[in-house]
*Asks:* 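I'd like to ask you about the structure that follows.
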2 protein chains.
Amino acid sequence: MMSLESVPPKYAQLVQTLQRRIESGTYGPGSLLPSENQLIQEFGVSRPTVVAALRVLREQGWIESQQGKGRFVRGRPAMSAVERNRPGQAYLIRPEAETSGEVVEVATVAAPNRIAALLELPSKSKAFVRRRLITDEGEPSMLVSVWLPAELSQGTDLTSAAPLPQGLHEHLQARKGVRFDHVAEQITARMPTAGEARQLGMGKSTPLLAVFGAVREASGRALLVVEVLLPADRHELDDAYPIG
Amino acid sequence: MMSLESVPPKYAQLVQTLQRRIESGTYGPGSLLPSENQLIQEFGVSRPTVVAALRVLREQGWIESQQGKGRFVRGRPAMSAVERNRPGQAYLIRPEAETSGEVVEVATVAAPNRIAALLELPSKSKAFVRRRLITDEGEPSMLVSVWLPAELSQGTDLTSAAPLPQGLHEHLQARKGVRFDHVAEQITARMPTAGEARQLGMGKSTPLLAVFGAVREASGRALLVVEVLLPADRHELDDAYPIG
DNA sequence: CCTGACAGGTTGTTTTACCAAGTGGAGCGT
DNA sequence: ACGCTCCACTTGGTAAAACAACCTGTCAGG
């Protein structure tokens, strides 16, 4: 006799209600939000519930509060999710089959200096690389490479040229028990090699944006590196961050 | 007779204490944190205080909690400040006098397409640009340009070639009453023009990393654009972000 | 008129209390 | 031996109350 769908907690409902009112202009930017007591009366909840909701809104940047005066509307936080066009991140989560492209290289080679440094391996160590050419509407779009230490690639399906039916995170967590925590990224630009220009169908005088994303676990240990090569005339990177 | 230095609230003290214990290894990564009741007893505070401290730690990524089991130590959040080498951001805050470089251009010109789009101006509008060549140990290092709509540049000291004694944010807030809120960034790469290569002392076949940072106020209205041009053989961009 | 005390508003912090939901083990019954 | 219930313990959420710190307008006294 239990209700199967659980209702969200009251403070979360209040958050949503107030967000909608700010977005709809009921509470305009710069204006004073109703005081805690007014919200308590209007919604029939206790003060801790109201305060919890307002704390969430403040931490998300919707409002700012000033002791003794009240809480002021800032507007929809343009920053909420720090939207970023993060090439290669989709690759960590989505199965290869869901993106159009082909595996162009599967090999164990001596790691380039930058890769070895990011993986915290001795210079000239062997590393496993799986390289895919991603296409967009039939046209070559970018080169995405995954670099792993040799021991992490063993026992995985990455050594096969067949597309992975799982996301990279899911696969490595199931097979090797590792958990991704964060990515440390380096962004550079350079001219393409002849082979890269041919594979990507780009002019030899067009620069290449190179993004190296070192995926680490919570302890900081590097697990793998995702290298994304983007012809600069067809891609750009977007980011957004708050400022103090 | 009031104490001049105000003591931080109890929950904030608890946060600091627990952070120190995690960093020192007293609470190792993966281990179970003492339960709420144990912390209540040890520190002699009430449950909401303990919960408030643990909520902060969870939101900052130090611990994760699992209902019915307990709270687990994750370790120092490598992400806390999302450390990023943000060229141009220092320019918003620090006075020009504190960085070595010279003003190479101060003019009102037709805004390039990308600048006009970021400033939300009609195409081919006039915009004010202040361009500086930053030097590092005597060598030219990067070109930093600030683009403003004409009306925002009026009444400021930006039209003078003399170095600003204030940070850009401070100056514009004092003179025009605007408040910076966030930055929307675009990162591209291209070949340098002949003039840029000469000013930056770089090879004509070296690509240029171009970072366009649109500074906006909380409402989303664009205030100005900071354009940073970096020779790709001498600079790279670093970023870090959590993954879920 | 000006100044200062004061009253009443606001948010910030802390406590006590209770219930709900999830986990895991002890112990009972079959 | 197996499965089951129940209990103890965990975190999550809500309510009611009090005090502290801060802001602002009012009002009395100079």
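Residue numbers begin at 1 in each chain, while the letters A, B, ... track the order of the sequences. All values reported here derive from a predicted model rather than from experimental measurement.
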*Asks:* For B:N37 and D:dC9, is the shortest distance between a side-chain N/O and OP1 or OP2 below 4.0 Å?
*Replies:*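 Negative; the distance criterion is not met.
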*Asks:* Check the distance between D:dT11's C1' and B:L54's CG and give it to me in whole angstrom.
*Replies:*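 Computing the B:L54:CG to D:dT11:C1' distance gives 10 Å.
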*Asks:* Whole angstrom is fine here: how far is it from CD in B:E64 over to C1' in D:dT11?
*Replies:*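 Atom CD in B:E64 sits about 14 Å away from atom C1' in D:dT11.
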*Asks:* Testing B:L224, B:L152, B:V129 for side chain to side chain contact (heavy atoms under 4.5 Å, CB included) with B:W147, which one passes?
*Replies:*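 Going through the options one by one, the only one that passes is B:V129.
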*Asks:* Only counting residues at least two apart or in another chain, list the ones meeting side chain to side chain contact (heavy atoms under 4.5 Å, CB included) with B:S65.
*Replies:*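 B:S65 satisfies side chain to side chain contact (heavy atoms under 4.5 Å, CB included) with B:R58, B:R71 once adjacent residues are dropped.
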*Asks:* Do A:V56 and A:L14 pass the side chain to side chain contact (heavy atoms under 4.5 Å, CB included) test, and can you show the C-alpha distance, the side-chain angles, and the key distance before you say yes or no?
*Replies:* CA-CA 10 Å; A:V56 172; A:L14 224 184; over 6 Å; no
*Asks:* Write down the distance between CG (B:L14) and C1' (C:dT13), rounded to a whole number of angstrom.
*Replies:*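 Rounding to the nearest Å, CG of B:L14 and C1' of C:dT13 are 14 Å apart.
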*Asks:* Would you say that B:F43 contacts B:T17 through its side chain, given a criterion of any heavy-atom pair below 4.5 Å between the two side chains?
*Replies:*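 Side chain of B:F43 against side chain of B:T17, heavy atoms only: contact under 4.5 Å found.
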*Asks:* In whole angstrom, give the distance that lies between atom CZ of B:F43 and atom P of C:dT15.
*Replies:*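 For the pair B:F43 CZ and C:dT15 P, the rounded distance is 13 Å.
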*Asks:* Please state how far atom CD in A:E59 lies from atom C1' in C:dT11, giving the value in whole angstrom units.
*Replies:*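 To the nearest whole Å, that distance equals 15 Å.
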*Asks:* Can we say A:E42 and A:R21 salt-bridge, meaning some charged N sits less than 4.0 Å from an Asp/Glu carboxylate O?
*Replies:*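 The answer is yes: the pair qualifies as a salt bridge.
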*Asks:* Can you tell me if CD on B:E120 sees more than 12 non-hydrogen neighbours from other groups inside 6.0 Å?
*Replies:*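 More than 12 heavy atoms, drawn from other residues, nucleotides or ligands, come within 6.0 Å of this atom.
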*Asks:* How many whole angstroms separate atom CD of B:Q38 from atom P of D:dA8?
*Replies:*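 For the pair B:Q38 CD and D:dA8 P, the rounded distance is 18 Å.
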*Asks:* Just the rounded figure in Å: distance from P of D:dC9 to CD1 of B:I40.
*Replies:*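 Atom-to-atom, B:I40 to D:dC9, this comes out as 14 Å.
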*Asks:* Tabulated below should be each protein N or O lying under 3.5 Å from an N or O of nucleotides 12-16 of chain D; please produce it.
*Replies:*
| unit_1 | atom_1 | unit_2 | atom_2 | d |
| --- | --- | --- | --- | --- |
| D:dG12 | OP1 | B:R58 | NH1 | 3.0 |
| D:dG12 | OP1 | B:S65 | OG | 3.0 |
| D:dG12 | OP2 | B:R71 | NH2 | 2.4 |
| D:dG12 | O4' | B:Q67 | NE2 | 3.0 |
| D:dG12 | N7 | B:R47 | NH2 | 2.7 |
| D:dG12 | O6 | B:R47 | NH1 | 3.4 |
| D:dG13 | O6 | B:R47 | NH1 | 2.7 |
| D:dT14 | OP1 | A:K10 | N | 2.2 |
| D:dA15 | OP1 | A:K10 | NZ | 2.6 |
| D:dA15 | OP2 | A:S46 | N | 3.1 |
| D:dA15 | OP2 | A:S46 | OG | 3.2 |
| D:dA15 | OP2 | A:T49 | OG1 | 2.9 |

*Asks:* For C:dG24, does OP1 or OP2 lie under 4.0 Å from any side-chain N or O of B:K69?
*Replies:*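 Yes.
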